[in-house]
Amino acid sequence: MNYKAQRGTYDILPKDEVIWNKVQKSCFETAKLYGYQFIETPLFEDSKLFERTVGESTDIVEKEMYSFTDKGGDSISLRPENTAGVCRAFIENGLHNNTLPARLFYYGPMFRYERPQSGRYRQFHQFGVECIGDSTFETDYEVIDIAWKILKNLDIKGIKLNINSLGDKEDREIYIGKLKDYFKNYINDLPKVDKLRFERSPLRLLDSKEEITIKISEDAPKTLDYISSESKEHHENLIQKLEKLNSMDSSFNYEVNHKLVRGLDYYNRTVFEYTSNSLGPQGVILGGGRYDPLIKILGGPETPAVGFAMGIERVVNELNKNEVENNSHIDAVLIIVDEDLRMISQEIANDFRENKIKTIIAPKKSIKAQMRFANNINSKSAIFIGKNEIENNKISVKFLQSSREQIEIDRNNIEEIKAVLNN
RNA sequence: GUGGGCGUGGUGAAGUGGUUAUCACGACCGGCUGUGACCCGGUAGAUCGAGGGUUCAAUCCCCUCCGCCCACCCCA
């Protein structure tokens, strides 16, 4: 075996189709119910797009981007996420001239150069929703609600929403100052990783996995105590709605999590994550938040926005635990009893397919082997095409998945054949 | 980038310093030359991850490398 899928990539095999379809369908249908429309942007963009939006000093940009110089000498990157791409498209196509907000959703592969582990790949899939052009907490609620409906629809258990507010940019700077002041007192107690975090991204101290740091974090200043009154009001209104949702639907659980900060630079105010308690360290199956400044940064008019991205692999993983069964994908296998009937079998296969009967002509082998073939691929039926049948313009239908008796049907009576195969 | 675990037919597993390297499932053929599944019989398929070393001998012991998995970092 000379060639293997690249590290962090994998193949989605036929047996996985059912479950992947199920997830995608749930995403698309739910988003459409809320008036969202599909948008598809290129898999690669100007590297600068991501540097400006995701944040130059974030890990994603610093070490995880698949960047290369194309033959024209431009620096190109495979998209590590798709909010930036959607915003670029929004501006470039003048969608801000339409009635706002624009309600958009996307689905497709993303690329991040990381060490793979469970629930993490170098090429992975995200479904995401972006509501662009409305600053009210109502839209924050809307996207959170969409996410919830999808997860619920897929019947994923043990899901919780974590939510926090980072305030606006100015609030955040003040807050980071406070946070550093606080942790400075404990700097010598911090483990190595966290000393590093203290320097590079103090917010991350809050979701450290180190026990000591977790302990210290308990009394750390909270973002909510430092955000502007507008941000605070926004947040509280949103919480009220979540409370309402919780009272209507007790399976919806949420927690205001002061330690939730999230890693992309563009978030402001609301940030949230849905986590699963059974997914281990990669428990985040979906994350999002508000990113009001982003469109402007990219050269568009000042346009507030909110959205989320869902990790399809993580959802599929969750679903795989309750295993979906694969049922028959083929209706009929034509068994060719005499080789000289091959031509006529071809015609019959054509007729079948034109009538939406999924048909395979058995390989050139003994009758027995052809039957085994039909059985092995899980066909609903075996159709015998032999001299006896053709002389009378008939075919024999044998049912492979029930004890129903074999019958002869007029070869041209496709309707009956179809009916007989469908029950 | 750092740490841990693991690499044996297609898949999942045994195994030993000297064996024709074992077993199950799967695949293929046959058991009625016009009938699957169950059953029975048979066939094919592994340079035991790669390279080097120790040894009379290495799949097994040692080293190096590669790959996969898991965790950290970070994120969906």
Consider only side-chain N and O atoms of A:Asn164 and A:Thr223, and report whether a donor and an acceptor are under 3.5 Å apart. yes
Answer with base, sugar-phosphate or nothing: what part of the nucleic acid does A:Asn375 contact at a heavy-atom distance below 4.0 Å? base
Within the 4.0 Å heavy-atom criterion, would you say A:Gly119 contacts the bases, only the backbone, or no part of the nucleic acid? base
For the C1' atoms, the ones on B:A13 and on B:G7, what distance do you get once it is rounded to whole angstrom? 14 Å
Determine: side-chain N/O of A:Lys368 to OP1/OP2 of B:U35, distance under 4.0 Å, yes or no. no
What side-chain hydrogen bond (donor to acceptor under 3.5 Å, both in side chains) pairs are there with at least one residue in residues 211-220 of chain A, not counting sequence neighbours? A:Asp194-A:Thr213
Expressed in whole Å, how much space separates the C1' atoms belonging to B:C23 and B:A46? 14 Å
Under 4.0 Å, counting only non-hydrogen atoms across every strand here, what does A:Ala374 touch: a base, just sugar-phosphate, or nothing? nothing
Under a 4.0 Å threshold between the charged nitrogen and the carboxylate oxygen, would A:Glu339 count as salt-bridged to A:Arg342? yes
Phosphate OP1/OP2 of B:C72 contacted by A:Gln117 side-chain N/O (<4.0 Å): yes
So do the side chains of A:Phe137 and A:His235 get within less than 4.5 Å of each other, counting heavy atoms only? no
Which is true for A:Gln370 with a 4.0 Å heavy-atom rule: it touches a base, it touches only sugar-phosphate, or it touches nothing? nothing
What nitrogen or oxygen pairs link the protein and nucleotides 25-29 of chain B at under 3.5 Å?
residue	atom	partner	partner atom	Å
B:A27	OP1	A:Asn376	ND2	3.3
B:C28	OP2	A:Asn376	ND2	3.3

Per the side-chain hydrogen bond (donor to acceptor under 3.5 Å, both in side chains) rule, what does the pair list look like for residues 382-401 of chain A, sequence neighbours excluded? A:Asn378-A:Gln401, A:Glu389-A:Ser396
If you look only at distance, which donor and acceptor atoms sit under 3.5 Å apart when one is on a side chain in residues 251-264 of chain A and the other is two or more places apart or in another chain?
residue	atom	partner	partner atom	Å
A:Ser251	OG	A:Asp249	OD1	2.5
A:Tyr254	OH	A:Glu243	OE1	2.5
A:Glu255	OE1	A:Lys160	NZ	2.5
A:Asn257	OD1	A:Lys259	N	2.8
A:Asn257	ND2	A:Asn162	OD1	3.1
A:Arg262	NH1	A:Glu273	OE2	3.1

Taking NZ, NE, NH1 and NH2 as the nitrogens, is one of them in A:Glu347 or A:Arg411 under 4.0 Å from a carboxylate oxygen of the other? yes
If you compare every side-chain N and O of A:Ser396 against the phosphate oxygens of B:G34 (OP1, OP2), does one of them come in below 4.0 Å? no
Looking at every strand, decide which applies to A:Leu400 at a 4.0 Å heavy-atom threshold: base, sugar-phosphate, or nothing. base
Set out, line by line, the N/O atom pairs under 3.5 Å between protein and nucleotides 2-10 of chain B.
residue	atom	partner	partner atom	Å
B:U2	O4	A:Arg115	NH2	3.4

For a quick test of your reading: what N or O donor-acceptor pairs under 3.5 Å do the side chains of residues 179-193 of chain A make, sequence neighbours left out?
residue	atom	partner	partner atom	Å
A:Tyr182	OH	A:Ile216	O	2.6
A:Asn185	ND2	A:Tyr182	O	3.4

Set of residues satisfying salt bridge (charged side-chain N to carboxylate O under 4.0 Å, His left out) with respect to A:Lys25, sequence neighbours excluded: none
Between A:Asp155 and A:Lys152, is there a salt bridge with N-O shorter than 4.0 Å? no
Any Lys/Arg nitrogen of A:Asp168 or A:Arg172 sitting under 4.0 Å from an Asp/Glu carboxylate oxygen of the other? no
Which atom pairs link the protein and nucleotides 48-50 of chain B when you take only N or O atoms and keep those under 3.5 Å?
none

Per-nucleotide pairing state of RNA chain B [Watson-Crick or G-U, under 3.5 Å; [ ] pseudoknot-crossing; | other strand]: (((((((..((((....[...)))).(((((.......))))).....(((((..]....))))))))))))....
When the distance from NZ of A:Lys209 to C1' of B:A71 is rounded to whole Å, what number comes out? 9 Å
Which residues share a side-chain hydrogen bond (donor to acceptor under 3.5 Å, both in side chains) with A:Thr9, sequence neighbours left out: none
Walking RNA chain B from its 5' end, the first of A:Glu273 and A:Gln6 to be reached, judged by nearest nucleotide, is A:Gln6
Within the modelled atom types, does a donor on one side and an acceptor on the other bring the side chain of A:Gln401 and the base of B:A37 under 3.5 Å apart? no
Distance-only check: which donor-acceptor pairs under 3.5 Å involve side-chain atoms of residues 122-130 of chain A, not counting sequence neighbours?
residue	atom	partner	partner atom	Å
A:Arg122	NE	A:Glu114	O	2.7
A:Arg122	NH2	A:Glu114	O	3.2
A:Glu130	OE1	A:Tyr291	OH	2.4
A:Glu130	OE2	A:Thr83	OG1	2.7

Between B:C60 and B:U16, how far apart are the P atoms? Round to whole Å, please. 13 Å
What residue pairs, at least two apart or across chains, pass side-chain hydrogen bond (donor to acceptor under 3.5 Å, both in side chains) with a residue in residues 365-376 of chain A? none
